[in-house]
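Here is the naming used below: chain letters follow the sequence lines, and residue numbers restart at 1 for every chain.
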2 protein chains.
Amino acid sequence: MSKSLELEDVTATAPCCAPLGGPPLAEDEAVELARVFKALSDPVRLRLLNLIASSAGGEACVCDLTTPFDLSGPTISHHLKVLRQAGLITGERRGTWVYYRPVPTAITRLSTLFTLPPTP
Amino acid sequence: MSKSLELEDVTATAPCCAPLGGPPLAEDEAVELARVFKALSDPVRLRLLNLIASSAGGEACVCDLTTPFDLSGPTISHHLKVLRQAGLITGERRGTWVYYRPVPTAITRLSTLFTLPPTP
DNA sequence: CATCTAATTTGACATCTATCTATCCAGAAA
DNA sequence: TTTCTGGATAGATAGATGTCAAATTAGATG
């Protein structure tokens, strides 16, 4: 098994990047993409990713990610794990604290997904 | 109430478009966005949206959306409803058949969401 | 070593979701 | 009107998900 904080990155196996208006999605691609969107389908996780992605220094300490929410520590930890397993963020432990940062390639590729051809 | 096929569009109420790396998402925006991503968090719905968005003529008949899947009619109907309620597609009945088309503004705004500032 | 703190994991529980079958509705065509 | 067909709705069920309290792990510090 992977060690605690290492990312079991789902996106690593499937490239996928063609826009939704493009060629038909293969079943595998659809399954993998769906997992990423499932990670984004919760308000708390969206705000967490937003907090992390907008943090000065490009990373955020978990200790700063817990206070903005009216939720228990384990729940925040759970949501961070989901985002991690979707390949959207990575976590690193430095001393006592754990820092999370976004994975730019994983986020940027979603941008191209929603690019539509100009209506002629 | 709205009549059968009219879209109870969720996105109509919330604009929201700033990139994830931008200012903090308000709780309401996060909730609304999460609903859109929940609609995208299923492989079947992703492939449906892909089929619809890539259809010649800009629309697809439900009759053509059922056959590619090994699922019952009602299940496909359910998934189309979820996409409709998320504001991602609209449906229109013409005679015997129902045609679905993508909602470009709803899709395009997601593209900007995932735009990250260049790392300096 | 013992202790303290930050964070994750475990286990439980209520709620939500994808799917099916059966039924219903809306037009078209007898 | 009656009948047929495409599609949506209703109701049921197995499985997934968000949440918390309690237990656990990883470093730091005494």
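Less than 6.0 angstrom separates the ring centroid of B:Phe114 from the ring centroid of B:Phe37.
Relative to the side chain of B:Ser77, the nucleotides C:dT9, D:dC20, D:dA8 differ in distance, and D:dA8 lies closest. Closest contact between the side chain of B:Lys81 and the listed nucleotides D:dT9, C:dT19, C:dT9 involves D:dT9. Nearest to the side-chain atoms of B:Trp97 among the listed nucleotides D:dC20, C:dT8, D:dG7 stands D:dG7. In this structure, of C:dA18, D:dG7, C:dT8, it is C:dT8 that holds the atom nearest to the side chain of A:Tyr100. Nearest nucleotide to the B:Lys38 side chain, out of D:dG7, C:dT9, C:dT17: C:dT17.
The residue A:Leu71 sits close only to the backbone: its heavy atoms come under 4.0 Å of sugar-phosphate atoms, none of a base. Nucleic acid contact class of A:Thr75 (heavy atoms, under 4.0 Å, all strands): base.
Both B:Pro74 and B:Arg94 sit near DNA chain C, but only B:Pro74 has its closest nucleotide nearer the 5' end.
A distance-only check finds no donor-acceptor pair linking the side chain of B:Ser41 to the backbone of A:Ala34 [under 3.5 Å].
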**OP:** Just do the side-chain contact (heavy atoms from CB on, under 4.5 Å) check on A:Ile52 and A:Leu80 with the steps written out, would you?
**Re:** CA-CA 10 Å; A:Ile52 296 172; A:Leu80 289 172; 4.1 Å; yes
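Both tests do not hold together for A:Arg84 against A:Tyr100: distance to the six-membered ring centre under 6.0 Å, angle to the ring axis within 45°.
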